Amino acid sequence: MRLDKYLSSYAGMTRKEARQAVRRGVVQVDGSVVKSESEHVETGQQILLNGSEVQAEEFVYYMMNKPAGVITATKDARDKTVLDLMPEVKREIFPMGRLDKDTEGLLILTDDGALAHRLLSPAHHVDKVYEVDYEGELPKTAVEDFAGGLDIGERRITKTARLELVAPGRARLTISEGKFHQVKRMFAVEGTRVTGLKRTVFAGVYLDESLAPGTYRRLTEVEVEQLRIGGNHG
Ligand code: URA
């Protein structure tokens with residue numbers, strides 16, 4: 001494929017912008033600057049635009065260790081967004097689901113709209129695991145209460161959830177829905193208050209704990225496959 005077509009297909013540019021970028025000398029193929037937009041390139045070659053790799057996949061998938069203090073949105077006039085932390089990514093990705101501003105941990109970002117739609121549809125029960133710090137005393141019946149479903153003010157009680165009591169003030173919760181502030185509301189109706197929340201698993205994909213908060217990496221092929229499997233049942 002011609003270099004300008006490659007860039008317009010995979011870097012979110014128009015053909016004209018692609019041509020201009022090539023002529024400006026900001027495009028490299030396998031380590032060398034190429035100034036001819038009609039240069040033929042093939043998959044397997046490394047194409048860099050302004051130093052960032054432009055991949056030829058149909059879709060891209062990333063995991064971020066979301067830090068507290070940024071919002072799960074693509075842009076915002078006031079707050080810093082998760083996409084503001086990924087300026088090198090040229091594709092039009094968006095977050096798969098939402099974590100609150102003060103929640104940390106696993107967030108998947110992609111441009112695969114169909115997969116995101118499947119995984120986020122209420123008809124699917126995609127497991128998500130959260131590490132929860134809380135204040136106050138949970139009732140003795142908490143594990144059964146979470147398993148049996150809680151009335152958090154929605155039309156229906158929550159679906160069965162698995163609560164593990166890890167240490168005083170610390171628990172692990174697995175839920176399969178994603179209602180607004182769901183974990184915080186579940187803990188609130190049990191008489192406690194969430195003081196820290198971190199997601200560690202989404203649809204069978206585990207947070208890579210070597211990612212510092214605010215950093216991200218591509219999903220591996222195995223992880224992408226895991227998401228696809230996660231998106232196909234439930
Ligand atoms: N539940 C919450 O209350 N907040 C989140 O960010 C995710 C789940």
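A quick note: this is a predicted structure, and the numbers were derived from the prediction, not measured. Position 1 is the first residue of the sequence, and the numbers go up from there.
- Contact between Ala203 and Val126 at its shortest, heavy atoms only, is CB-CG1, 3.3 Å.
- The cluster map of Ile, Leu, Val, Met, Phe, Trp and Tyr, joined by side-chain heavy atoms under 4.5 Å apart, puts Val129 and Leu138 in different clusters.
- The environment of Glu92 atom CD is sparse: at most 12 non-hydrogen atoms of other residues, nucleotides or ligands sit within 6.0 angstrom.
- With Thr158 contributing its side chain and Leu150 its backbone, the two residues share a donor-acceptor pair below 3.5 Å.
- Clustering ILVMFWY residues whenever any of their side-chain heavy atoms sit less than 4.5 angstrom apart, transitively, puts Phe202 in a cluster other than the one holding Leu109.
- Linking ILVMFWY residues whenever their side-chain heavy atoms come closer than 4.5 Å, directly or via other members, leaves Tyr206 and Leu219 in distinct clusters.
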Please assess Tyr216 against Glu88 for the test side-chain hydrogen bond (donor to acceptor under 3.5 Å, both in side chains), listing each intermediate value before the final yes or no. CA-CA 11 Å; Tyr216 59 91; Glu88 302 83 7; 2.5 Å; yes
Output, in order, the C-alpha distance, side-chain angles, deciding distance and verdict of side chain to side chain contact (heavy atoms under 4.5 Å, CB included) for Met186 and Ile175. CA-CA 10 Å; Met186 292 174 89; Ile175 58 174; 4.1 Å; yes
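- Summarising the local packing, CD of Glu221 is surrounded by 12 or fewer heavy atoms from other residues, nucleotides or ligands at distances under 6.0 Å.
- Residue Glu137 places its CD atom among 12 or fewer non-hydrogen atoms of other residues, nucleotides or ligands, all under 6.0 Å distant.
- More than 12 heavy atoms of other residues, nucleotides or ligands lie within 6.0 Å of CZ in Arg217, so this atom counts as buried by the packing criterion.
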Set out, in order, the CA-CA distance, both residues' side-chain angles and the distance that settles salt bridge (Lys or Arg N to Asp or Glu O under 4.0 Å) for Glu131 and Lys198, then state yes or no. CA-CA 5 Å; Glu131 302 295 327; Lys198 177 177 174 180; over 6 Å; no
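- Here the shortest heavy-atom pairing between Leu120 and Gly97 reads CD1-N, 3.4 Å.
- Note that the CZ atom of Arg2 and the OG atom of Ser8 stand 10.0 Å from one another [nearest 0.5 Å].
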Using side chain to side chain contact (heavy atoms under 4.5 Å, CB included), reason through Glu39 and Val22 one step at a time and then give a plain yes or no. CA-CA 10 Å; Glu39 173 99 358; Val22 174; over 6 Å; no
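- Taking CG from Asp151 and CD1 from Ile157, the interatomic distance works out to 8.0 Å, rounded to the nearest 0.5 Å.
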Passes salt bridge (Lys or Arg N to Asp or Glu O under 4.0 Å), Arg91 versus Glu57? Steps please. CA-CA 11 Å; Arg91 303 274 285 247; Glu57 294 97 325; 5.1 Å; no
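- With Asp30 contributing its side chain and Gln46 its backbone, the two residues share a donor-acceptor pair below 3.5 Å.
- Taking every heavy atom of both residues into account, Gly204 and Gln226 meet most closely at O-CG, 3.4 Å.
- Between the side chain of Arg185 and the backbone N or O of Phe180 there is at least one donor-acceptor pair closer than 3.5 Å.
- Interatomic distance, Arg19 CZ to Glu37 CD, rounded to the nearest 0.5 Å: 6.0 Å.
- Rounding to the nearest 0.5 angstrom, the gap separating the CD atom in Glu190 from the CD1 atom in Ile152 is 12.0 Å.
- Lys75 places no side-chain N or O within 3.5 Å of a backbone atom of Thr81 that could act as its donor or acceptor partner.
- Ring orientation note: the planes of Tyr134 and Phe187 are tilted relative to one another, at an angle of 30° to 60°.
- When each of Ile71, Thr110, Ile108, Leu107 is checked for a side chain to side chain contact (heavy atoms under 4.5 Å, CB included) with Pro95, only Leu107 meets the rule.
- Side-chain N or O atoms of Gln45 include one that pairs as donor or acceptor with a backbone N or O of Glu42 at under 3.5 Å.
- Contact record, Glu177 with Gln182: OE2-NE2, 3.2 Å, taken as the closest heavy-atom pair.
- Not one N or O on the side chain of Tyr61 forms a donor-acceptor pair closer than 3.5 Å with the backbone of Asp112.
- With contacts defined as side-chain heavy-atom distances shorter than 4.5 Å, the pair Asp102/Leu197 does not qualify.
- Side-chain atoms of Ser210 and Asp208 form a donor-acceptor pair, as typed in the model, at a separation below 3.5 Å.
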Check step by step if side chain to side chain contact (heavy atoms under 4.5 Å, CB included) holds for Val70 and Val82. CA-CA 6 Å; Val70 301; Val82 287; 3.9 Å; yes
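- The distance from atom OG1 of Thr74 to atom CG of Leu83, rounded to the nearest 0.5 Å, is 6.0 Å.
- Using a 4.5 Å cut-off on side-chain heavy atoms (C-beta onward), Met13 and Leu49 make contact.
- Contact record, Ala11 with Val54: CB-CG1, 3.8 Å, taken as the closest heavy-atom pair.
- Connection of Val29 to Val26 is established within a shared hydrophobic cluster, with ILVMFWY side chains joined at heavy-atom distances below 4.5 Å, either directly or through further cluster members.
- A donor-acceptor pair under 3.5 Å is absent between the side-chain atoms of Arg193 and the main chain of Glu135, judged by distance alone.
- Without hydrogens or angle criteria, His125 side chain to Ser176 main chain gives no donor-acceptor distance under 3.5 Å.
- Looking only at side-chain heavy atoms (C-beta outward), Lys184 and Thr103 come within less than 4.5 Å of each other.
- Tracing side-chain contacts under 4.5 Å through hydrophobic residues (I, L, V, M, F, W, Y), one never reaches Leu119 starting from Tyr62; they form parts of separate clusters.
- Remark: Leu163 CG to Asp145 CG distance equals 9.0 Å, nearest 0.5 Å.
- For His117, the NE2 atom sits in a loose shell: 12 or fewer heavy atoms of surrounding residues, nucleotides or ligands are nearer than 6.0 Å.
- Contact of the Val143 side chain with the Leu165 side chain is registered, since non-hydrogen atoms from C-beta on lie closer than 4.5 Å.
- You'll find the side chain of Asp84 stays beyond 4.5 Å of the side chain of Asp76, heavy atoms only.
- Under the 3.5 Å distance criterion, the side-chain polar atoms of Lys66 are matched with a main-chain donor or acceptor of Asp100.
- Across every non-hydrogen atom of Arg172 and Val166, the tightest pair is N-CG2, 3.8 Å.
- Leu211 is not listed as a side-chain neighbour of Met64, based on a closest heavy-atom distance of 4.5 Å or more.
- Side chain of Thr200 to backbone of Leu207: no donor-acceptor contact under 3.5 angstrom is found.
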